[in-house]
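As structure tokens, the structure follows; a few thoughts come after it.
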Protein chains: 2
Amino acid sequence: VIRATNLRKTYRMGEVDLEVLKGVDLEIERGEYVAIMGPSGSGKSTLMNILGCLDVPTAGRYLLEGREVSALREDELAEVRGRRIGFVFQTFNLLPRASALENVTLPLYYQRAAHPREEATRALESVGLAQRLKHYPSQLSGGERQRVAIARAVVTRPAIVLADEPTGNLDSRTGQEILELFDALSLREVTIILVTHDRAVAERARRIIHLRDGLVSSVEKRP
Amino acid sequence: VIRATNLRKTYRMGEVDLEVLKGVDLEIERGEYVAIMGPSGSGKSTLMNILGCLDVPTAGRYLLEGREVSALREDELAEVRGRRIGFVFQTFNLLPRASALENVTLPLYYQRAAHPREEATRALESVGLAQRLKHYPSQLSGGERQRVAIARAVVTRPAIVLADEPTGNLDSRTGQEILELFDALSLREVTIILVTHDRAVAERARRIIHLRDGLVSSVEKRP
Ligand SMILES: Nc1ncnc2c1ncn2[C@@H]1O[C@H](COP(=O)(O)OP(=O)(O)OP(=O)(O)O)[C@@H](O)[C@H]1O
Ligand SMILES: Nc1ncnc2c1ncn2[C@@H]1O[C@H](COP(=O)(O)OP(=O)(O)OP(=O)(O)O)[C@@H](O)[C@H]1O
Ligand SMILES: [Mg+2]
Ligand SMILES: [Mg+2]
């Protein structure tokens, strides 16, 4: 479902070029559960943003569900981002002036879902936030904001979930609940790509891709 | 150095009162290295903000270095926050329009330090960011922003370091370097209070305080 070839990302900083991704090749099957690990600054979030169609590579090709992403029109891209992909950001990126419930309901309105508030409520319940629906992000703990971001990413029932360090702010028990949620999605054939620094989290996946200095350094296949 | 008695924190939400801290007692010696663990939403950051003089309790007493914090004048409070305490926020709180170097230099300007840029540069080098001094927060990875926040907290050589989940966005190797930095501070008699979800991180401390539902549920003394 994902085929990326020779992905490169370079930032111009003054007269210097900073090469962040230096030629990443990636192939992910539909319904596969993959983890990405690597040192801080190795390019994981940069890679995830490209896979999530939130950023464009400087070079290389990205085929998503068989379609060349660079060739998509703006409205087709919006469709992919809104319906095919659910993205959990490393820094959550919640709307500060909307409550938890409103944050999770918003993508459903864009989709013209049948019962947005009920579906958003259920998604928040599934991450343990039934008592926090009316709280604004500033009235939530770090781990609660992270869970609102997760609920928002899964409420639209996307085909692909991209989660950038989804358990970093969670105690192990709450983290377990989130991983069980991802397991359940995986059973329903959702493709899952998780960036994590936590080896225990990565071991839930069927394959662990190790990134180092903007390149894939190794790939672990799990039994 | 820290004596907190019956700390309570309650938020009014419409007609409902949400009790977040329900009577926390805490006594921390000068130079002690303490970890705080507990489920997401249990009140850890709320407690840290009170200990860091960034928030006031709804009830209870807080003596910092023998002085009643609620009785301090605004200028005395600013002095405590600026010189006695170094705070690493769970969500980093960097100035978006200042570079990494500027973010770390700023507290030194307030202190009228002798060589602010050199000291800030050294602090950033100590967290592995020598190559990122000119980057703005939006041009940094999650773990790099976290490390800028750490450098900023320690550059003023505070007597007390309060770190709210300082390794949550770091791979284990980079996290180790940060923990060694804290060990070095501890050797110099700096009082360290770390909130963490990572058991391995907590085990570096001499005492682990477990928070659950706004109360101290148990205290582990480490050998
Ligand atoms: N807009 C930008 N301009 C310049 N450099 C950037 C920009 N965005 C990211 N970088 C650099 O690219 C590198 C990779 O960033 P990225 O966010 O992908 O890392 P990461 O692997 O996700 O790290 P972490 O584990 O800390 O989250 C970092 O060293 C960062 O400083
Ligand atoms: N301004 C506020 N108004 C109302 N409720 C709040 C406010 N700030 C925090 N809370 C609530 O207080 C509780 C404790 O928050 P706190 O940030 O201290 O938790 P925490 O232990 O640090 O959690 P985490 O591990 O997720 O960071 C949370 O359930 C949160 O929803
Ligand atoms: Mg990242
Ligand atoms: Mg917290």
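All chains are named by letter (A, B, ...) in the order of the sequence lines, taking the proteins before the strands, and each is independently numbered beginning at 1.
- Counting non-hydrogen atoms of neighbouring residues, nucleotides and ligands closer than 6.0 angstrom, the CZ atom of B:Arg81 exceeds 12 such neighbours.
- Contacts between residues 127-142 of chain A and chain B, defined by a heavy-atom separation under 4.5 Å, are made by A:Arg132, A:His135, A:Gln139, A:Ser141, A:Gly142.
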Side-chain donor-acceptor distances from residues 160-175 of chain B under 3.5 Å, at least two apart:
unit_1   : atom_1 : unit_2   : atom_2 : d
B:Asp164 : OD2    : B:Ser45  : OG     : 2.6
B:Glu165 : OE2    : B:Gln90  : NE2    : 3.2
B:Glu165 : OE2    : B:His197 : NE2    : 3.2
B:Asn169 : OD1    : A:Gln90  : NE2    : 3.0
B:Asp171 : OD1    : A:Ser40  : N      : 2.7
B:Asp171 : OD1    : B:Thr174 : OG1    : 2.7
B:Asp171 : OD2    : B:Arg173 : N      : 3.3
B:Asp171 : OD2    : B:Thr174 : N      : 3.0
B:Asp171 : OD2    : B:Thr174 : OG1    : 3.0

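- Within residues 203-220 of chain A, no residue has any heavy atom closer than 4.5 Å to a heavy atom of chain B.
- Around atom CZ of A:Arg222, more than 12 heavy atoms belonging to other residues, nucleotides or ligands sit under 6.0 Å away.
- For a residue to count as touching a neighbouring chain, one of its non-hydrogen atoms must lie under 4.5 Å from one of that chain's; by this rule A:Arg199 does not touch chain B.
- Of all the listed residues (B:Gly38, B:Pro39, B:Gly143), the one sharing the greatest number of non-hydrogen pairs under 4.5 Å with chain A is B:Pro39.
- For residues 3-24 of chain A, a heavy-atom distance under 4.5 Å to chain B picks out A:Met13, A:Leu18, given by residue number.
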